[in-house]
Undergrad: 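Quick one: the structure is below, questions incoming.
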Amino acid sequence: MEIIIQPTVADAQQEAANILRRQIRDKPASVLGLATGSTPIGVYALLVAMHRRGELDFSRVSTFNLDEYVGLPPDHPCSYREFMRQHLFSHVNIASDRIHFPNGLAADIPAHCEEYEAAIARAGGIDLQLLGIGREGHIGFNEPSSSLASRTRIKTLTPQTLKDNADCFGGPDKVPHHVITMGVGTIMDARQCLLLATGEAKASVVAGMVEGPITADLPASILQLHPVCRLVIDEAAAAKLRRADYYRWVYANKPGWQRS
Ligand code: PGA
């Protein structure tokens, strides 16, 4: 895993946006796996700004979002489709038929989940998967105890996640308890992963993910087995890493041709 520690949240967001820009420039028909939550909002704003400056063309890009709430219509103000429309899709030249989400209203959820996996395969697989991390170590909505080989399926949120996602709904008791999420195995199939985490509230879980054991109790720890995974964090999220100095040294001495 490549661990990139940036001084501030803004620097970490810029680094993540630069990695995505390089991906899209290198492969204009990239298949991106996208994430929601508060962490990537700044990255999407930077991508929109790059697009407006003429630096990024989304016309051939396809996207698959990680997850969606069960029971919410796509135009619900708290749906993840609406989140992505607001922060990215309505501002760039992406084709609407290349945007994919799990359907929270699917009548047959297992069949829909199988179809989501099939659609990813038909698109050629995910080139780069953007990820956040939950306070308890989820990626997508793969909460602790998720099978590390899981595929897209329905999951039940933890009380911590209900609390963390309560704002839009007006309280944790109003957040849907169930979601459809790509599985840990689905995420691990992406050719590259890019996990962005910022702020001191993520310091413990980041340390566990990078330097702790691989365990379903902290699903993001499976990324230790991913061959091309970059973790971009600010100093606050890096505060509990034992080998932070080594990671900084590696990044400072990275060959120029490897930079985004
Ligand atoms: P956050 O969520 O960006 O709102 O902290 C991250 C996640 O749940 O993956």
Side-chain angles (χ1 to χ4, degrees), residues 6 8-10 12-13 15-17 20 32-47 63-70 72 77-84 86-88 101-102 126 128-146 150 152 155-172 175-184 186-188 190 193-210 216-223 226 229-234 236-240:
Q6 292 288 330
T8 67
V9 176
Q13 291 169 342
E15 177 76 24
L20 283 155
L32 303 180
L34 296 179
T36 52
S38 52
T39 311
I41 291 177
V43 176
Y44 294 143
L46 289 166
L47 294 180
T63 63
F64 287 86
N65 261 78
L66 283 166
D67 38 34
E68 185 58 282
Y69 291 108
V70 169
L72 289 197
C78 302
S79 77
Y80 285 143
R81 186 183 279 269
E82 177 55 24
F83 174 101
M84 291 302 304
Q86 202 183 317
H87 293 289
L88 182 65
F101 282 84
I126 291 171
L128 193 160
Q129 175 68 57
L130 179 64
L131 297 164
I133 186 169
R135 284 166 197 252
E136 294 181 309
H138 69 211
I139 42 175
F141 272 135
N142 295 284
E143 301 284 32
S145 82
S146 287
S150 51
T152 302
K155 283 297 289 180
T156 309
L157 299 178
T158 62
Q160 178 68 54
T161 303
L162 294 176
K163 220 159 68 187
D164 290 344
N165 293 7
D167 278 359
C168 183
F169 292 92
V175 181
H177 289 184
H178 291 101
V179 291
I180 297 174
T181 179
M182 281 187 205
V184 180
T186 320
I187 293 167
M188 288 295 285
C193 286
L194 167 61
L195 193 150
L196 177 66
T198 53
E200 63 182 334
K202 298 286 171 71
S204 295
V205 79
V206 162
M209 167 196 161
V210 176
D217 199 46
L218 200 170
S221 62
I222 192 68
L223 293 168
H226 196 287
C229 179
R230 273 173 283 198
L231 170 66
V232 178
I233 48 182
D234 66 342
K240 296 194 172 163

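As the structure lists them, so they are numbered: ligands from 1, and atoms in each ligand from 1. Model, not experiment: these values are computed from the prediction.
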Undergrad: What protein heavy atom lies closest to atom 5 (O) of ligand 1? Include the residue and the distance to one decimal.
TA: Lys202 NZ, 2.6 Å
Undergrad: Please state whether Arg135 comes within less than 4.0 angstrom of ligand 1, counting heavy atoms only.
TA: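 It does not; every heavy atom stays at 4.0 Å or beyond.
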Undergrad: Could you check atom 6 (C) of ligand 1 against the protein and tell me its nearest heavy-atom contact, residue, atom and distance included?
TA: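 For atom 6 (C) of ligand 1, the nearest protein heavy atom is Ile133 O, 3.5 Å.
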Undergrad: Is any side-chain heavy atom of Thr36 closer than 4.5 Å to one of Leu66?
TA: no
Undergrad: Show me which atoms of ligand 1 lie under 4.0 Å from any heavy atom of Gly132.
TA: 9 (O)
Undergrad: So which atom in Ala17 and which in Leu47 form the shortest heavy-atom distance, rounded to 0.1 Å?
TA: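 Ala17 and Leu47 have their closest heavy atoms at O-CD2, 3.9 Å.
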Undergrad: Can you figure out which of Asn165, Ile139, Thr39 has its heavy atom closest to atom 3 (O) of ligand 1?
TA: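 Checking each option, the heavy atom nearest atom 3 (O) of ligand 1 is found in Thr39.
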Undergrad: Does Glu200 have more than 12 heavy atoms from other residues, nucleotides or ligands lying within 6.0 Å of its CD?
TA: no
Undergrad: If you measure every N or O of Thr36 against every N or O of ligand 1, does any of those distances drop under 3.5 Å?
TA: no
Undergrad: In terms of residue, atom name and distance, what is the protein heavy atom nearest to atom 7 (C) of ligand 1?
TA: His138 NE2, 3.4 Å
Undergrad: Is the SG of Cys168 found under 2.5 Å away from the SG of Cys78?
TA: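 Their SG atoms fall under 2.5 Å; a disulfide, then.
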Undergrad: Provide the closest heavy-atom pair for Ala216 versus Ser146 in the form atom of the first, atom of the second, distance.
TA: CB-O, 3.4 Å
Undergrad: Can you sort out which atoms of ligand 1 are near Gly37, meaning under 4.0 Å from one of its heavy atoms?
TA: 3 (O), 4 (O)
Undergrad: At their closest point, which heavy atom of Ala12 faces which heavy atom of Thr198, and how far apart are they?
TA: CB-CG2, 4.1 Å
